[in-house]
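Both ligands and their constituent atoms are indexed starting at 1 by order of listing. Sequence positions, counted from 1, serve as the residue numbers for this chain.
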Amino acid sequence: MSMLVKPQETLDILRRHQFSVQKKYGQNFLIDAHVLDKILDAADIQADDFVLEIGPGIGTMTQGLCRRAREVVAIEIDKELIPILKETLSAYDNVSVINADVLKTDLRGLISEKNAGKPVKVVANLPYYITTPIIMNLLEEQLPLHSITIMVQKEVAERMQIGPGTKEYGALSLAVQYYAKPEIVANVPANCFTPRPKVGSAVIRLTLHDKPPVDAKDASHMFRLIRASFNQRRKTLVNGLYNAPDLHYDKEQIAEVLKDMGLSEDVRGETLTLEQFAGLSNRLLTLNKTYDTLK
Ligand code: SAM
């Protein structure tokens, strides 16, 4: 078991390196052995796996990953943590630490260089201030990923799993469910971290689909519709799409398509399923084609 996960060990190493915790980087270090094992088990790391860790912190989870996986690459933004990681990971020769912002890292290049472009497993206790951009980036880039097992704020985990007709349902739910199967694995209270976060946390595993569950002819067009309808949640879908600067449909066209789908023209985006968004997108695209050929 990782010794680092013991609260006293974590505090000692931080003190010895005179490290001050950076709130701006969302630093909450895991100090609960049981939760650590839960994450590692949920990630289902096999001896031949290549694992990408985002935000290793002082290396608590990284040590466990190094023991289970063939190779680990960990991306950490805070340069003050690099000497600490050098120390805590010195016993392992299957890990490399990259001092960089994960949102500015060429992950496709990294996976192709280090794992010959084959699917990797992502494991992370994510910094909460950029959870959504990190997840959206991993999914929308369509990187070769097998699964993403992450600790996130509890509400965000719930948003990823939820379906239509609730106020938590939104663009994140639809993106996650289009690309992956989400499963909440554990709820984690604030006292499992130092410093304690102000919110409850949860571990969620996203297993990437081999093939999306719905047939969207142009996924990026479908996600433009989704974003437009949730950007203006209180408006009807017709108005939300009509007002979107990156879409060019008139109200009658949208209403006609909705009618064709058996939906009311007053419907709100938040009531549509992923399948209905795909249907809406495919039908609107056909309109565009007809329009283009007429021009
Ligand atoms: N994995 C450690 C653990 O479980 O104890 C630390 C988790 S802490 C919640 C989040 C980590 O992500 C911190 O080490 C923080 O410095 C790092 N981080 C924050 N923003 C980042 C970014 N944009 N790119 C890479 N790492 C980042």
Side-chain angles (χ1 to χ4, degrees), residues 1-14 17 19-43 45 51-69 72-89 92 95-107 110 121-138 141 148-154 156-157 185-186 188-204:
M1 190 223 285
S2 163
M3 296 305 285
L4 283 175
V5 79
K6 291 190 174 166
Q8 199 51 49
E9 289 281 332
T10 293
L11 295 174
D12 282 351
I13 201 153
L14 294 177
H17 284 264
F19 179 82
S20 42
V21 171
Q22 295 294 319
K23 256 199 180 153
K24 68 171 180 192
Y25 290 143
Q27 291 173 348
N28 302 99
F29 301 115
L30 187 61
I31 48 165
D32 186 290
H34 180 66
V35 174
L36 175 63
D37 284 343
K38 262 243 148 88
I39 301 176
L40 295 173
D41 290 347
I45 309 296
V51 178
L52 174 66
E53 186 188 6
I54 300 168
I58 63 167
T60 312
M61 209 150 79
T62 326
Q63 291 186 339
L65 293 169
C66 288
R67 273 191 223 114
R68 297 190 189 200
V72 180
V73 170
I75 303 179
E76 173 55 60
I77 198 170
D78 187 351
K79 69 174 183 338
E80 305 296 333
L81 285 168
I82 304 304
I84 300 187
L85 287 164
K86 230 184 194 111
E87 181 184 320
T88 59
L89 301 176
Y92 304 96
V95 57
S96 27
V97 175
I98 300 174
N99 181 204
D101 178 343
V102 69
L103 291 176
K104 294 186 185 145
T105 303
D106 172 15
L107 296 177
L110 190 138
K121 293 180 178 169
V122 175
V123 183
N125 171 10
L126 284 181
Y128 294 173
Y129 74 108
I130 44 164
T131 301
T132 303
I134 292 177
I135 297 170
M136 293 300 271
N137 199 33
L138 291 172
E141 286 289 311
I148 306 173
T149 307
I150 42 179
M151 175 96 70
V152 297
Q153 191 178 328
K154 187 165 179 276
V156 179
V185 182
V188 181
N191 63 7
C192 295
F193 305 89
T194 184
R196 290 182 187 204
K198 290 203 176 71
V199 291
S201 303
V203 178
I204 187 165

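- Counting only heavy atoms from C-beta outward, the side chains of Ile75 and Glu53 never approach each other to under 4.5 Å.
- We find the CZ-NZ distance between Arg68 and Lys121 to be 11.0 Å, quoted to the nearest 0.5 Å.
- In this structure, the side chain of Thr10 engages the main chain of Leu4 through a donor-acceptor pair within 3.5 Å.
- Between Asp78 and Lys24, none of the side-chain N atoms (NZ, or NE/NH1/NH2) sits under 4.0 Å from a carboxylate O, so this pair counts as no salt bridge.
- A 4.5 Å side-chain heavy-atom check between Asn125 and Asn28 finds every atom pair outside the cut-off.
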Taking distance alone, no hydrogens or angles, what donor-acceptor pairs closer than 3.5 Å link side-chain atoms of residues 127-135 to residues at least two apart or in another chain?
from: Tyr128; atom 1: OH; to: Ser201; atom 2: OG; distance (Å): 2.7
from: Thr131; atom 1: OG1; to: Pro127; atom 2: O; distance (Å): 3.4
from: Thr131; atom 1: OG1; to: Tyr128; atom 2: O; distance (Å): 3.3

Pick out the protein N or O atoms lying less than 3.5 Å from any N or O of ligand 1, and list each pair with its distance.
from: ligand 1; atom 1: 1 (N); to: Gly55; atom 2: O; distance (Å): 2.8
from: ligand 1; atom 1: 1 (N); to: Pro56; atom 2: O; distance (Å): 3.4
from: ligand 1; atom 1: 4 (O); to: Asn125; atom 2: ND2; distance (Å): 2.9
from: ligand 1; atom 1: 5 (O); to: Leu30; atom 2: N; distance (Å): 2.9
from: ligand 1; atom 1: 14 (O); to: Gly57; atom 2: N; distance (Å): 3.3
from: ligand 1; atom 1: 14 (O); to: Glu76; atom 2: OE1; distance (Å): 2.7
from: ligand 1; atom 1: 16 (O); to: Gln27; atom 2: NE2; distance (Å): 2.9
from: ligand 1; atom 1: 16 (O); to: Glu76; atom 2: OE2; distance (Å): 2.6
from: ligand 1; atom 1: 20 (N); to: Tyr129; atom 2: OH; distance (Å): 2.9
from: ligand 1; atom 1: 23 (N); to: Asp101; atom 2: OD1; distance (Å): 2.9
from: ligand 1; atom 1: 24 (N); to: Val102; atom 2: N; distance (Å): 3.0
from: ligand 1; atom 1: 26 (N); to: Ile77; atom 2: N; distance (Å): 3.3

